[in-house]
Amino acid sequence: MKKKSVEAFYQGHSLRAYELFGAHPCVEKGIKGVRFTTFAPKANKIQVIGSFNDWSCEGHYMKKADQNGIWSCFVEGAKVGDVYKYRIDQCSGRIVDKMDPYAFYSELRPNTASVVADLSMKWSDEKWMASRSIHLDQPVNIYEVHMGSWKHNEEGGWPTYRSIAKELIAYVKDHHFTHIELMPLNEHPFDGSWGYQCSGYFSVTSRYGSAQDLMYLVNACHKAGIGVIMDYVPVHFVRDDFSLARYDGSCVYEYEKDEDSYSQWGTSNFDLWKETVRSFLMSAAAFWIDRYHFDGLRMDAISNLIFWHGNKDRGENQGALDFIKRLNYHLHEAYPGVMLIAEDSSDYPNVTKSTLDGGLGFDYKWDLGWMNDTLKYFEKDPVYRKWHHNQITFSMAYFYSERFILPFSHDEVVHGKKTIIDKLWGSYEQKFQQLRTLYTYMFTHPGKKLNFMGNELAMFREWDEAKENDWFMLTYPAHDSFNRYFKELTKLYTSKKPLYENDYSWDSFKWIDADNADQNLFSYIRKSDTSDLVVILNMSPNLYEKHKFGVEQNGTYKEILNSEQDIYGGCNITNPDKIKAVKEECNFLPYTIEVTVPPFGAVILETRKRSKKK
């Protein structure tokens, strides 16, 4: 063992602990086999048992490699594909067969053994890897995917990482998504946890194929110009006896006190004050970036890391805060083009501020406040919306405090919450009208975007991990028309600079009228150096003909998108002719345009800026 690697592990600064621990095929003294290494400071004895020794009670005994808890042994003849566990004689007096915490592959549930894995891969994404970035001034349109339920195979079962690649990539490109976000792909025993209750932090789930199959998918995405983000869970882990819980009979990974250890999900919280746990989780995060070329990690349940049990009244968990700062600092240093995203429901400040300036060091944070306020507003009868006008305008009062992503994620379409379209007030037809306007608001509001699979289909059935998307919905005109509108909107977002350049600068956004609550009208400008976009949203069933709006720029305005065009299933009340601004103050702006705004409609106008003469 390399002394520096061991020291970094114990000091809580390791990004490469997986090179020290786990099962590594190798040649020692001219003999082929596998070196097994684990960390169990209070174990009495440890054996490696597996397919290479017929799961013998007299399996290969590990020896202490140091006095602090590292155990290791070399098994002659063991090879890739062999199945194994650690039989640990625990300090509690129990003898328990455990999976390898650093295993790179595992058996398909309900089996729980680890598998000796080969992580070699011939990558061909060098061009992508050399130029990838966190996309601050570029469009970020994320498609959140659950691998097992996007689309089933011909037999009605799970697809593989490899088999899904071609169709998923083509679909993502057609819908103008820039990134795919995969729900957790580390090993987990229960399908219904969707991967958020983890057992194998370095082990790609065997549900959908091999390690090389996942690498193939990521490589193919990169060659098609698509980034890939994976969900990562640094807060808690499953309490199953085969996994990390009470690993050597003591609390190797969890807190000593039950009140701190037991989580609201029936899992165990990581003790993020322990340096060895910090190295474990930092190495796991780096592992997916390094070995699988992921372009980002979306970190789950960060509010439960910031505060004890996510409860602000219990105070900040300083050890966990120190860990996340250290994790983000080291990841940014090692992988500067990789996005680090916080799913944080708290109002804790400076989540996306650099650790060098006292922040937590994330690149982006989900704006769950925007999501909640927006959906609550659209659930209301338009008669009452004027009393809740601020649910739409409030986001811009705090938006520039962090770098936000606007999410309509899987969490909003499960377990009795209804789907996005089904949450909206009104009849079937009115729901579709408002859904188009809702998404126009989303894609013209500052911030990066995220949508869960199925949102683009306007699905009425809540997501079920055991069923594929309702692709048949596209045979219905209303759903097909909405999907067409969604694609046109995302095309606009990814091609119009005012919608993504300087996204996190005050200079890119200006309200035209944020206070027209009586008419349920909202209007604002998205700006760039070369053009302005005027966005008008009508959240009422009323038609507003030749309504006056103030604008900053003189010149001609052209309607480039109208949610009520007939090709999108609308009433076809549009503005077909160019609109000339007149020199007349309106909404405290120097020029005025007159626009017809259809019921529940969204209108986007564009004007080009004249280049300044030298």
Side-chain angles (χ1 to χ4, degrees), residues 10-13 193 196-198 201 231-239 244-246 250-282 284-285 297-332 340-373 394-395 397-405 407 409 411:
Y10 284 128
Q11 291 169 1
H13 285 274
S193 78
Y196 293 102
Q197 296 186 10
C198 314
Y201 270 75
D231 284 8
Y232 176 64
V233 189
V235 177
H236 61 117
F237 59 90
V238 294
R239 292 170 57 191
L244 302 178
R246 297 277 175 175
S250 70
C251 297
V252 178
Y253 294 95
E254 63 269 67
Y255 289 101
E256 300 282 346
K257 294 181 180 178
D258 288 348
E259 64 185 273
D260 297 330
S261 178
Y262 293 164
S263 82
Q264 66 200 64
W265 300 286
T267 51
S268 289
N269 289 317
F270 279 109
D271 184 349
L272 297 173
W273 293 67
K274 289 191 179 93
E275 300 294 1
T276 52
V277 173
R278 292 173 176 180
S279 284
F280 174 82
L281 288 170
M282 287 167 56
L297 297 176
R298 174 270 198 189
M299 302 193 200
D300 186 59
I302 293 301
S303 61
N304 285 66
L305 181 152
I306 295 172
F307 302 107
W308 290 97
H309 290 282
N311 185 347
K312 198 173 183 179
D313 294 336
R314 292 193 61 179
E316 295 177 10
N317 184 337
Q318 193 58 53
L321 285 169
D322 290 344
F323 158 74
I324 205 68
K325 291 177 184 179
R326 186 185 299 178
L327 169 68
N328 289 342
Y329 174 82
H330 282 303
L331 290 179
H332 276 308
L340 303 178
I341 303 167
E343 188 266 320
D344 171 27
S345 58
S346 76
D347 59 357
Y348 189 81
N350 300 323
V351 172
T352 57
K353 194 174 184 179
S354 168
T355 55
L356 299 177
D357 296 321
L360 294 189
F362 287 98
D363 296 304
Y364 298 105
K365 172 182 173 175
W366 279 18
D367 193 347
L368 297 173
W370 173 88
M371 178 274 297
N372 279 307
D373 286 347
F394 179 61
S395 62
Y398 65 79
F399 179 79
Y400 299 106
S401 64
E402 302 279 7
R403 289 195 293 267
F404 284 112
I405 291 176
S409 74
D411 279 329

How about OH on Y10, more than 12 heavy atoms from neighbouring residues, nucleotides or ligands closer than 6.0 Å, or not?
yes
Taking atom CG of N311 and atom OG of S346, what is their separation to the nearest 0.5 Å?
11.5 Å
For W366 against E343, the heavy-atom pair lying closest together:
CE3-CG, 3.5 Å
Rounded at 0.5 Å granularity, tell me how far CD in E316 sits from CZ in F307.
5.5 Å
Hits for salt bridge (charged side-chain N to carboxylate O under 4.0 Å, His left out) against D271, two or more places apart or cross-chain, chain-then-number order -> K274
Taking C-beta and beyond as the side chain, do L360 and I306 meet within less than 4.5 Å on heavy atoms?
yes
Nearest heavy-atom pair of P234 and L281: which atoms, and what distance?
O-CD1, 3.6 Å
For P407 and M371, the nearest pair of non-hydrogen atoms, with its separation, is O-CG, 3.2 Å
Heavy-atom check, side chain of C251 versus side chain of R246, under 4.5 Å
yes
Can you tell me which residue among I324, V233, D344 is in a side chain to side chain contact (heavy atoms under 4.5 Å, CB included) with M299?
I324
Separation between CD (E254) and CD (E256), nearest 0.5 Å, reads 8.0 Å
Student check: side-chain heavy atoms of N304 and Q264 closer than 4.5 Å
yes
Pair Y348-I302, side chain to side chain contact (heavy atoms under 4.5 Å, CB included): steps then yes or no
CA-CA 10 Å; Y348 189 81; I302 293 301; over 6 Å; no
Decide yes or no on side chain to side chain contact (heavy atoms under 4.5 Å, CB included) for I341 and I405, but give the supporting numbers first.
CA-CA 9 Å; I341 303 167; I405 291 176; 3.9 Å; yes
Apply side chain to side chain contact (heavy atoms under 4.5 Å, CB included) to M282 and F323, showing your working.
CA-CA 9 Å; M282 287 167 56; F323 158 74; 3.8 Å; yes
Nearest 0.5 Å, what's the CG-OG distance between D347 and S401?
10.0 Å
To the closest 0.5 Å, what do you measure between CG (L331) and CG (D363)?
10.0 Å
Are the side chains of Y262 and N269 in touch, meaning some heavy atoms are under 4.5 Å apart?
no
Test side chain to side chain contact (heavy atoms under 4.5 Å, CB included) applied to V235 and D300, step by step
CA-CA 8 Å; V235 177; D300 186 59; over 6 Å; no
Of all heavy-atom pairs linking G369 and Y398, the shortest is C-OH, 3.8 Å
Atom CG of D367 and atom CZ of R403: how far apart are they, to the nearest 0.5 Å?
14.0 Å
Restricting to non-hydrogen atoms, name the atom on H236 and the atom on S263 that form the minimum distance, rounded to 0.1 Å.
ND1-OG, 4.4 Å
Between Y253 and Y201, is the gap from one ring center to the other below 6.0 Å?
no
Under 3.5 Å: donor-acceptor pair, side chain of N317, backbone of W308
no
Answer yes or no: is there a donor N or O on one side and an acceptor on the other, between the side chain of R278 and the main chain of H13, under 3.5 Å?
no
Summary of side chain to side chain donor-acceptor pair (under 3.5 Å) pairs that have at least one residue in residues 350-362, sequence neighbours excluded:
T352-E402
Return the orientation label for the F404 and F399 ring planes: parallel under 30°, perpendicular over 60°, tilted otherwise.
tilted
Using only heavy-atom distances, determine whether the side chains of D322 and W273 contain a donor-acceptor pair under 3.5 Å.
no
Using a 3.5 Å distance criterion without hydrogens, assess whether the side chain of H309 forms a donor-acceptor pair with backbone atoms of E259.
yes
Test item: side-chain donor near acceptor, Y196 and D231, under 3.5 Å
yes
Under the ring-ring contact (aromatic ring centres under 6.0 Å, His included) test against F237, which residue among F270, F280, W265 passes?
F270
Taking all non-hydrogen atoms of both residues into account, name the closest pair between G12 and S279 and its distance.
CA-OG, 3.1 Å
